[in-house]
There are 2 protein chains.
Amino acid sequence: MARAAAKKTPTRIQRQKTRAILDAALEVFSQHGFRGATLDQIADAAGLSKPNLLYYFEGKEAIHRTLLHRLLDTWLDPLRQLDPAGEPLREIRAYLLRKLEMSRDYPRESRLFANEMLQGAPRISDEIQGELKALVDEKAQVIRGWVEAGRLAPVDPYHLIFSIWATTQHYADFEVQVRGILGAGADGHFHDAARFLTQLYTGGLKPPAAGARRRP
Amino acid sequence: MARAAAKKTPTRIQRQKTRAILDAALEVFSQHGFRGATLDQIADAAGLSKPNLLYYFEGKEAIHRTLLHRLLDTWLDPLRQLDPAGEPLREIRAYLLRKLEMSRDYPRESRLFANEMLQGAPRISDEIQGELKALVDEKAQVIRGWVEAGRLAPVDPYHLIFSIWATTQHYADFEVQVRGILGAGADGHFHDAARFLTQLYTGGLKPPAAGARRRP
DNA sequence: AGTCGCTTTGACCATTTGGTAAAAACCACG
DNA sequence: CGTGGTTTTTACCAAATGGTCAAAGCGACT
């Protein structure tokens with residue numbers, strides 16, 4: 001009994017099917033949430049029969065858990081790259097843009113994560129209070145350092161990070177709303193979002209001084 | 001057969017039970033999503049039996065639909081109050097704070113809405129492209145006017161609104177994450193959030209000019 | 001007190017859904 | 001080409017779930 005659980009070198013077919021299943025599951029889970037998704041849907045999307053699906057994974061939970069674990073790593077990458085040695089504003093802007101790109105390129109992952117958070121993170125609360133918190137604490141320290149050195153306006157590092165998460169992930173998680181309001185037009189809105197957010201974080205909304213309009 | 005559907009004046013009991021049901025349903029739907037919620041859970045939370053529950057509502061969908069419809073109205077109120085005659089920055093800040101308060105005081109509503117968006121808004125896509133879009137278009141026009149009058153930095157009105165939604169609702173929708181990172185301490189973080197967001201939208205992150213630290 | 005209409009209950013159903021068992025089909029490798 | 005392990009399928013379950021129905025209970029008003 002090989003049963004995917006085994007740690008032996010996986011067969012070509014095993015790797016192949018496992019990937020297909022995870023991809024299908026990501027699609028389904030991210031759209032319907034854990035309970036809303038059914039094994040039949042996933043099996044169908046993966047092009048397998050339900051029992052066949054269960055040959056590769058222990059059960060529904062196992063698939064979901066696997067997805068979530070893999071996701072967290074990718075998800076935190078942009079923040080990991082925040083360079084303490086870099087120029088503060090530039091670093092933050094770069095981080096923001098990386099996150100925005102992730103929302104554009106991996107909306108399903110974003111929604112999977114959002115779903116889990118909404119339900120109270122019953123399946124990854126450990127990672128949140130562990131891995132995630134550790135990284136955020138570390139980077140918050142970096143930002144605090146910048147503030148104390150007078151290289152950044154005196155802001156709360158944690159809420160700064162939250163706001164970046166919120167604004168960027170919004171474009172993936174609330175995509176229907178965004179499209180519904182902007183019109184179903186091409187995805188050009190990601191470009192506009194990048195421009196807007198850059199300006200917001202850099203300069204705020206204060207109007208340019210009265211006499212100085214057009215070219216500073 | 002009275003069946004709550006009837007438009008006649010509702011009985012005292014009818015009003016009372018209907019309220020209890022909707023409140024219970026809000027609790028359950030907002031935490032588990034539409035498919036994740038069960039009639040038994042809702043009936044239980046409302047203190048009724050399942051058949052009794054179904055005496056007041058046509059079915060699961062009907063309850064959900066009712067909640068969503070009522071919600072939308074409350075939800076858009078803060079934006080409706082944005083006053084075209086007010087001072088731009090002050091108006092936007094006030095709007096932001098109103099939204100933040102809603103996240104603090106009505107997190108369940110926020111999550112219900114978020115859940116629906118995540119699933120692709122299958123049950124309120126009409127309202128989004130209708131009522132909601134109309135209001136947003138109107139207020140975006142107001143903001144655009146402020147920009148053109150040079151009373152506000154030249155920003156995209158739509159993305160400005162999106163960012164306000166995102167940052168404020170984040171505190172309700174991702175509450176577990178926020179608490180997990182900040183520590184389960186008192187809800188003081190809403191105060192900090194208000195302070196941070198005010199600063200972000202007003203002045204951005206640029207550090208104060210070198211010589212000018214402490215008192216402008 | 002009696003009665004008519006609103007409210008509640010208990011017993012049931014049909015479907016859906018996560019999951020299992022065992023046989024059949026397949027495939028790589030000697 | 002046969003054989004041992006890997007995959008896949010067919011046939012089933014038991015539990016959960018949305019929903020129905022008819023009978024019983026209750027309450028307000030005459």
Side-chain angles (χ1 to χ4, degrees), chain A residues 1-22 24-29 31-68 115 119 122-123, chain B residues 1-22 24-29 31-68 115 119 122-123:
Chain A
M1 46 210 66
R3 205 91 189 186
K7 263 76 178 186
K8 285 287 173 191
T9 50
T11 313
R12 163 186 52 98
I13 291 182
Q14 248 166 50
R15 243 172 301 146
Q16 192 175 296
K17 292 291 165 76
T18 302
R19 271 194 69 162
I21 291 172
L22 287 176
L26 176 58
E27 184 72 30
V28 178
F29 277 134
Q31 189 161 114
H32 303 287
F34 180 74
R35 289 212 51 192
T38 75
L39 287 183
D40 284 297
Q41 276 176 297
I42 298 173
D44 214 53
L48 291 94
S49 65
K50 185 168 55 175
N52 199 177
L53 201 180
L54 289 166
Y55 168 73
Y56 291 100
F57 284 90
E58 304 268 340
K60 195 181 180 184
E61 281 250 8
I63 304 177
H64 194 255
R65 209 181 320 130
T66 305
L67 276 177
L68 235 35
N115 253 309
Q119 334 269 293
R123 279 167 267 273
Chain B
M1 43 209 63
R3 204 91 186 189
K7 263 76 179 187
K8 286 285 174 190
T9 51
T11 313
R12 163 185 52 98
I13 292 183
Q14 250 165 48
R15 243 171 301 146
Q16 192 174 294
K17 293 290 166 75
T18 302
R19 273 196 67 160
I21 291 171
L22 287 176
L26 176 58
E27 185 72 31
V28 178
F29 278 134
Q31 190 162 112
H32 304 287
F34 180 74
R35 290 213 51 191
T38 75
L39 286 182
D40 283 297
Q41 276 177 296
I42 298 173
D44 214 53
L48 291 89
S49 65
K50 186 168 57 175
N52 199 177
L53 201 180
L54 289 167
Y55 169 73
Y56 291 100
F57 285 89
E58 304 268 339
K60 196 182 180 183
E61 279 250 8
I63 304 177
H64 194 255
R65 209 181 319 133
T66 305
L67 276 177
L68 235 36
N115 254 308
Q119 334 268 292
R123 279 167 268 274

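All values reported here derive from a predicted model rather than from experimental measurement.
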Are [X] and [Y] close enough that some pair of their side-chain heavy atoms sits under 4.5 Å apart?
{"X": "B:E61", "Y": "B:F34", "value": "yes"}
{"X": "B:T38", "Y": "A:R35", "value": "yes"}
{"X": "A:Y55", "Y": "A:L48", "value": "no"}

- D:dT6 phosphate, OP1 or OP2: any side-chain N/O from A:Q14 under 4.0 angstrom? no
- Below 4.0 angstrom from OP1 or OP2 of C:dT17, is there any side-chain N or O of B:R35? yes
- Task: Might you point out which heavy atoms bring A:A24 and A:I42 nearest each other, and give the distance in Å?
- Result: CB-O, 3.6 Å
Euclidean distance, atom [atom1] of residue [X] to atom [atom2] of [N] [Å, nearest integer]:
{"X": "A:D40", "N": "C:dT15", "atom1": "CG", "atom2": "C1'", "value": "12 Å"}
{"X": "B:L54", "N": "D:dT20", "atom1": "CG", "atom2": "P", "value": "7 Å"}
{"X": "B:F57", "N": "D:dT20", "atom1": "CZ", "atom2": "P", "value": "15 Å"}
{"X": "B:H64", "N": "D:dG18", "atom1": "NE2", "atom2": "P", "value": "13 Å"}
{"X": "A:I63", "N": "C:dT17", "atom1": "CD1", "atom2": "P", "value": "15 Å"}
{"X": "B:E58", "N": "D:dT20", "atom1": "CD", "atom2": "C1'", "value": "13 Å"}
{"X": "A:D44", "N": "C:dG18", "atom1": "CG", "atom2": "P", "value": "13 Å"}
{"X": "B:F29", "N": "D:dG18", "atom1": "CZ", "atom2": "C1'", "value": "11 Å"}

- Is the number of heavy atoms from other residues, nucleotides or ligands within 6.0 Å of CZ (A:R19) greater than 12? no
- Taking A:K60 for the side chain and A:A37 for the main chain, is one N or O donor matched with an acceptor at less than 3.5 Å? yes
- Have a look at B:A37 and say if it touches a base, only the backbone sugar-phosphate, or nothing, with a 4.0 Å heavy-atom cut-off. sugar-phosphate
- Message: Restricting to side chain to side chain donor-acceptor pair (under 3.5 Å), what partner residues turn up for B:Q16, sequence neighbours left out?
- Response: none
Output a table of nitrogen or oxygen pairs between the protein and nucleotides 8-12 of chain D separated by less than 3.5 Å.
from	atom 1	to	atom 2	distance (Å)
D:dT8	OP1	A:K17	NZ	2.4
D:dT8	OP2	A:N52	OD1	3.3
D:dT8	OP2	A:N52	ND2	3.2
D:dT8	OP2	A:Y56	OH	2.7
D:dT8	O5'	A:N52	OD1	3.2

